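Please read the structure below before turning to the comments.
These values consider heavy atoms only, across backbone and side chains, with no hydrogens, waters or symmetry-generated copies. This one's a predicted model, so the numbers in the text were calculated from it and none came from an experiment.
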Number of protein chains: 2
Amino acid sequence: MGVNPAEGVRRRRATLKEVAAEVGVSPATVSNAYNRPDQLSEESREKVMEAARRLGYAGPDPTARGLRRGRAGAIGVLYADRLSYAFADPAAVLFFEGVSRAAEEAGLGLLLVPGSISGRHDPEAVRAAAVDGFVVYCMAEGDQMIGAVRDRRLPAVLVDDPPEVFAEDMSRVGVDDEGGARAAAEHLVGLGHRRIGIVSYELAPQPVGGLAGPDRQAEVAFRSTRLRLEGYRSAVEGMGVAWESVPVYECPENDPEEGANAARVLLGIDPRPTALVAISDQLAFGAIEAAREMGLSVPGDLSIVGFDDVPEAARSNPPLTTVHQDHVEKGLLAGRLLVARLGGEEPETPKMLRTRLVVRDSTAAPRG
Amino acid sequence: MGVNPAEGVRRRRATLKEVAAEVGVSPATVSNAYNRPDQLSEESREKVMEAARRLGYAGPDPTARGLRRGRAGAIGVLYADRLSYAFADPAAVLFFEGVSRAAEEAGLGLLLVPGSISGRHDPEAVRAAAVDGFVVYCMAEGDQMIGAVRDRRLPAVLVDDPPEVFAEDMSRVGVDDEGGARAAAEHLVGLGHRRIGIVSYELAPQPVGGLAGPDRQAEVAFRSTRLRLEGYRSAVEGMGVAWESVPVYECPENDPEEGANAARVLLGIDPRPTALVAISDQLAFGAIEAAREMGLSVPGDLSIVGFDDVPEAARSNPPLTTVHQDHVEKGLLAGRLLVARLGGEEPETPKMLRTRLVVRDSTAAPRG
DNA sequence: ATAGCCTACTGAATCGATTAAGTAAAACGA
DNA sequence: TCGTTTTACTTAATCGATTCAGTAGGCTAT
């Protein structure tokens, strides 16, 4: 499929050189008219602009300028999966919002780079991205995408899953996943829950849905997932509950539908758990839905706690007890860190954002 | 602030020419190794890739390739306002999801282009965008951004607000705003409501919040806003209610907070409206909130109908009666239309997507 | 009057690739 | 064996700008 942007547009695009010829000056002068107006007389500048208007010249070609200047004028946001999934994930959207704010501040464009194209995991998009640096979001440890980013030798900021091994040159931003998760589980344990089920999202690339035994849990490749599971674990073990007795369901995707599947399986276990810990609000929403379908009231028959505190959590029915993290702030911080790197600053020490348990109405003491 | 992507990264980036020198072949051969593997022996290809690895060459520079090939490998999505607002608007996010799907299908990147940078309305971002075409979303009629897009002489698809005058070269996608709005208002009128208030979003750029009289209404610069207002009008007039008696509140921004402000003003009018028509679900959510704060039950004391049918509408409390439109489909269509244009196809006739009233629980017959 | 300085330009190299056209050697066909 | 393809490269022009190092002419200062 030949992609030819010139087709279908009336006149050909004019170039700087043609404008120069039209006015009767050198290309350098036209360039100066756009980039350093102080370098030429007001009069010639007018003439250049006038000729540009006549010829339909919209200003220096961004690609050519980018090549010459050695910068693209945009930052890339690399998302682990297909872009359309990113937009369906409220936490990712909030994160993008923050990054876009930072890009805007710096006058840079924002290029969204899919980590996966129509299902295929392919670093080609990383190699083809005309950007000055990357914000890498939600990557599995050791993912080949990270290798592709490193190979580009551009400044990069790793968010949420900074695999230690590659991180030398890269800035890092994360949140206190473990602390937040521990607080969530401790809250349930503190209410008296002892039979708790965990709704996790994918532990490693190419997940299959289902209960994940210790072997599968050992494979966990997403750093923040690992940390959250550790947080849950330390909380339940702190109360003398054996981790092996806590069922963990792995959802292949982070959407409510999968959360519902997880809940159906976990709540089918005998004796039935009195509480569910979901690793994201999206999954928690689905779990609530499934519980309702099974005739269980939340929080009467079942307590549910989420993670992320997306705006919907406050408005859901019942309002969701969850772990708050500031996604917009995280994106903003990541973006600003990257912009600072573009300005020549050295990578800073990893930034860790706080998390905080927000108790709403989806949790209560177990019945009886 | 000098943006220099080379700083802070260990080794300098290698170029194709250096790889060629390392292997002892011409640059053309290295280029072929990446772009037309059939043009050289397996053996030299290996050697090239090996040398590339040694030198840390990540493949042809996207900017240089873009210049030479005459295409940027990305499409631009132009949003009327600051990007961070776009991410806060669920309808826009769904639209982006659709566009991103189309971009993905075509192997193109997605560059988000702000129509406004830190509050300033500036077409500079349009001129600086290294893209092969634009999807223009939610623009006011006659906005200078559209002029800037046209000046770039790139294929463009105008979504939702296709100002007739500039549209010659541009493809167009919209939804049946008027029909949807009419259906919404007819639904209320059909339930017996005669005192109806309208919660609109901005009528023209640089809006001030407040009741908008006929003069202000005449200025409406957003095509879809105009069409929706016309739809509301034709429905109420059809039942013999004078449009002049219907208060219209203009919200300066499309967020629930503003919807709440609008509701507070409209519900302060004596006699109090028995129903509110909101031009978006975001505004409707805020209006419901405000009504509740005023001690009015929805739909008992007040009926509210929205527009957009964002996913939250089905889950809100009460579930919102609203006008459904398929935002993802709209984005997908717009994106595919643009991709087709890139492939050399001529602009098609404007596409119009259907809207449909979805009756949920926020509307009922007026009391008494 | 002349050195020195501005102002307003121009010339030419360069950014990092792609690709059409050309060429030398090897393989092939009869 | 000799002409013809084929294979595997190379040469060189080109994409559209930016920018450094001039330079010509006018102006100022002494």
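Between the CD atom of Glu43(A) and the P atom of dT7(C) there is a distance of 17 Å, given to the nearest Å. Across the protein-nucleic acid pair, Gln39(B) atom CD and dA21(C) atom C1' stand 13 Å apart, rounded to whole Å. In this structure, Leu40(A) places its CG atom 19 Å from P of dC6(C), rounding to the nearest Å.
No hydrogens or angles considered: a donor-acceptor pair under 3.5 Å links the side chains of Arg65(B) and Asn35(B).
Asp132(B) places no side-chain N or O within donor-acceptor distance of the main-chain N or O of Arg71(B), the cut-off being under 3.5 Å.
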**Prompt:** How would nucleotides 16-25 of chain D be written as a contact map, 5' to 3', with B for base contact, S for sugar-phosphate-only contact and - for no contact, using protein heavy atoms under 4.0 Å?
**Reply:** BBBB------
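Atoms OH and OG, on Tyr85(A) and Ser100(B) in that order, are 11.5 Å from each other to the nearest 0.5 Å.
Using cut-offs of 30° and 60° for the angle between ring planes, the Phe95(B) and Tyr137(B) rings count as parallel.
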**Request:** Please step through salt bridge (charged side-chain N to carboxylate O under 4.0 Å, His left out) for the pair Asp160(B) and Lys330(B), ending with a clear verdict.
**Result:** CA-CA 9 Å; Asp160(B) 272 355; Lys330(B) 189 166 69 177; 2.7 Å; yes
